[in-house]
> 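Structure below; questions to follow.
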Amino acid sequence: MKIKLFTIPNLLTLSNLMCGTFAALSALIYDNLEWAFWFVVLAAVFDFFDGFVARLLRQSSPIGVQLDSLADMISFGFVPAAVLYAMTTRSLDEGETLLRYAYTVVCFAMAAFSALRLAKFNIDETQHEEFCGLPTPANALFFTSLGLIYARTGFDFGGQLLILAMPPMSWLLVSPVRMFSLKFQGFGWRGNAIRYLFLATCVVLIAVLRLYAIPTIILLYILVSAIRWGLRMAAENGRKD
């Protein structure tokens, strides 16, 4: 079987992977959490356009699907774990070795949950119009935005608080909660109402909260999706009864 490696969509996916690599280096080697955040944002842009371009040029392929997951694992799986590690261990003393190891295990366990999320996405045919569980880019933007806030303002969220945030976010990655996608189905209001309302709210939050808007938007996305899923489940159970 002839496999084309260097197609335009694959090059965009590799650009996503390279951005993720630079983000990880920024967090772990150069201690620059602001760069880590912007590299993740750039990776998300490449992640969006590789699929769009593949459909536009009709160059979708099995290798592209696998490559996309590998790139996402670096940019949206390993990087948020690396940023969380950098933020939680920076205040530890040299003698706190056991606590450092414990934080390391907890932080990078999130990367394992991201891997499960991406593997599940590859074989789940119900996630074309909505997601089952928290998308890895959203999780990555949440934690890296906290790193950006720390880099810009010096606000310390506290290692223990960040560690406590990891289990629920990791669970959301593999949870059955159905979360809406921002992929528009045409430009009409019907079928896109939740998307238009959410994006409008995002604009307001960015104008008001500025730097703090990003983690707030991710939490709002989770809340709206959970309420929407809960109402749907209640309606389905009511019909069964």
> A43 and C19: which non-hydrogen atoms are nearest, and at how many Å?
CB-CB, 3.8 Å

> Give a yes or no on whether the backbone of W35 and the side-chain of N32 come within a donor-acceptor separation of less than 3.5 Å.
yes

> So, N122 and S69: side-chain donor and acceptor under 3.5 Å apart, yes or no?
yes

> Mind checking the OH-CG spacing from Y212 to L146? Nearest 0.5 Å is all I need.
10.5 Å

> Let me check something: do L211 and M87 share a hydrophobic cluster, defined by ILVMFWY side-chain heavy atoms less than 4.5 Å apart, either directly or through other members?
yes

> Using the rule given for side chain to side chain contact (heavy atoms under 4.5 Å, CB included), can you reason through V177 versus W171, listing the C-alpha separation, both sets of side-chain angles and the distance that settles it, and then say yes or no?
CA-CA 10 Å; V177 178; W171 176 82; 4.2 Å; yes

> With under 30° as parallel and over 60° as perpendicular, where do the rings of F131 and F121 fit, or are they tilted in between?
tilted

> With a 4.5 Å limit on heavy-atom distance, are the side chains of F78 and L28 in contact?
yes

> Mind checking the CG-CD1 spacing from L223 to I218? Nearest 0.5 Å is all I need.
13.0 Å

> Can you say whether the rings of Y85 and F108 are parallel (under 30°), tilted (30 to 60°) or perpendicular (over 60°)?
tilted

> Looking at T7, T13, I8, which hits side-chain contact (heavy atoms from CB on, under 4.5 Å) with V53?
I8

> Measuring from atom CZ of F46 to atom CG of L14, what distance do you get when rounded to the nearest 0.5 angstrom?
10.5 Å

> Side chain of R117, backbone of L134: donor and acceptor closer than 3.5 Å?
yes

> How many angstroms lie between CG in L141 and OG1 in T144, if you round to the nearest 0.5 Å?
5.0 Å

> Could you pull out the closest heavy-atom pair between C132 and S175, with the gap in Å?
SG-O, 3.6 Å

> Report yes or no: does D124 contribute a side-chain atom to a donor-acceptor pair with the main-chain N or O of K120 at less than 3.5 Å?
no

> So, for M110 and L173, which heavy atoms are closest and what is the spacing to 0.1 Å?
O-CD1, 4.3 Å

> For the OH atom on Y101, are there more than 12 heavy atoms of other groups (residues, nucleotides or ligands in this structure) within a distance under 6.0 Å?
no

> Say whether, by atom type as modelled, one donor and one acceptor occur between the side chain of N10 and the main chain of L5 under 3.5 angstrom.
yes

> On a heavy-atom basis, which atom in Y196 and which in G188 lie closest, and how many Å separate them?
CE1-O, 3.5 Å

> Going through the distances and angles, do S114 and F76 end up as a side chain to side chain contact (heavy atoms under 4.5 Å, CB included)?
CA-CA 8 Å; S114 296; F76 311 128; over 6 Å; no

> Rounded at 0.5 Å granularity, tell me how far CG in D47 sits from OG in S15.
11.5 Å

> Consider only side-chain N and O atoms of T126 and R178, and report whether a donor and an acceptor are under 3.5 Å apart.
yes

> So does R228 pair up with E130, basic N to acidic O under 4.0 Å?
yes

> Is it true that F22 and L148 fall in one hydrophobic cluster, defined by side-chain heavy atoms closer than 4.5 Å?
no

> Strictly distance-based, threshold 3.5 Å: is any side-chain N or O of Q59 a donor or acceptor partner for the main-chain N or O of A54?
no

> Where do I214 and F37 land on the side chain to side chain contact (heavy atoms under 4.5 Å, CB included) test, with the steps shown first?
CA-CA 11 Å; I214 303 166; F37 169 78; 3.4 Å; yes

> Quick one, L205 with L220, criterion side chain to side chain contact (heavy atoms under 4.5 Å, CB included). Give me CA distance, side-chain angles, the key distance, then yes/no.
CA-CA 10 Å; L205 288 174; L220 178 64; 4.0 Å; yes

> Donor-acceptor pair, distance only, cut-off 3.5 Å: does the side chain of E96 make one with the backbone of D93?
yes

> Supply the atom-to-atom distance M169 CE to N139 CG, rounded to the nearest 0.5 angstrom.
4.5 Å

> Can you confirm whether P135 sits close enough to M179 that some side-chain heavy atom of one is under 4.5 Å from a side-chain heavy atom of the other?
yes

> Tell me whether L70 is reachable from M18 by hopping between hydrophobic residues (I, L, V, M, F, W, Y) whose side-chain heavy atoms are closer than 4.5 Å.
no

> Do we see a donor-acceptor contact under 3.5 Å between the side chains of D72 and N16?
yes

> Following the transitive rule for hydrophobic clusters with a side-chain heavy-atom cut-off under 4.5 Å over Ile, Leu, Val, Met, Phe, Trp and Tyr, establish whether V224 and V208 coincide in one cluster.
yes

> Do V40 and L25 sit in one hydrophobic cluster, given that two such residues count as connected whenever their side-chain heavy atoms are within less than 4.5 Å of each other, even indirectly?
no

> Does F198 have more than 12 heavy atoms from other residues, nucleotides or ligands lying within 6.0 Å of its CZ?
yes

> What's the shortest heavy-atom distance between G147 and L33, and which atoms?
O-CB, 3.6 Å

> Which heavy-atom pair separates P80 from S75 by the least distance, and what is that distance?
CD-O, 3.9 Å

> Pair up each side-chain donor or acceptor in residues 149-165 with any protein partner under 3.5 Å, not counting sequence neighbours, and list the distances.
| from | atom 1 | to | atom 2 | distance (Å) |
| --- | --- | --- | --- | --- |
| R152 | NE | E34 | OE2 | 2.9 |
| R152 | NH2 | E34 | OE2 | 3.0 |
| T153 | OG1 | I149 | O | 2.6 |
| T153 | OG1 | F155 | N | 3.1 |
| D156 | OD1 | G158 | N | 2.9 |

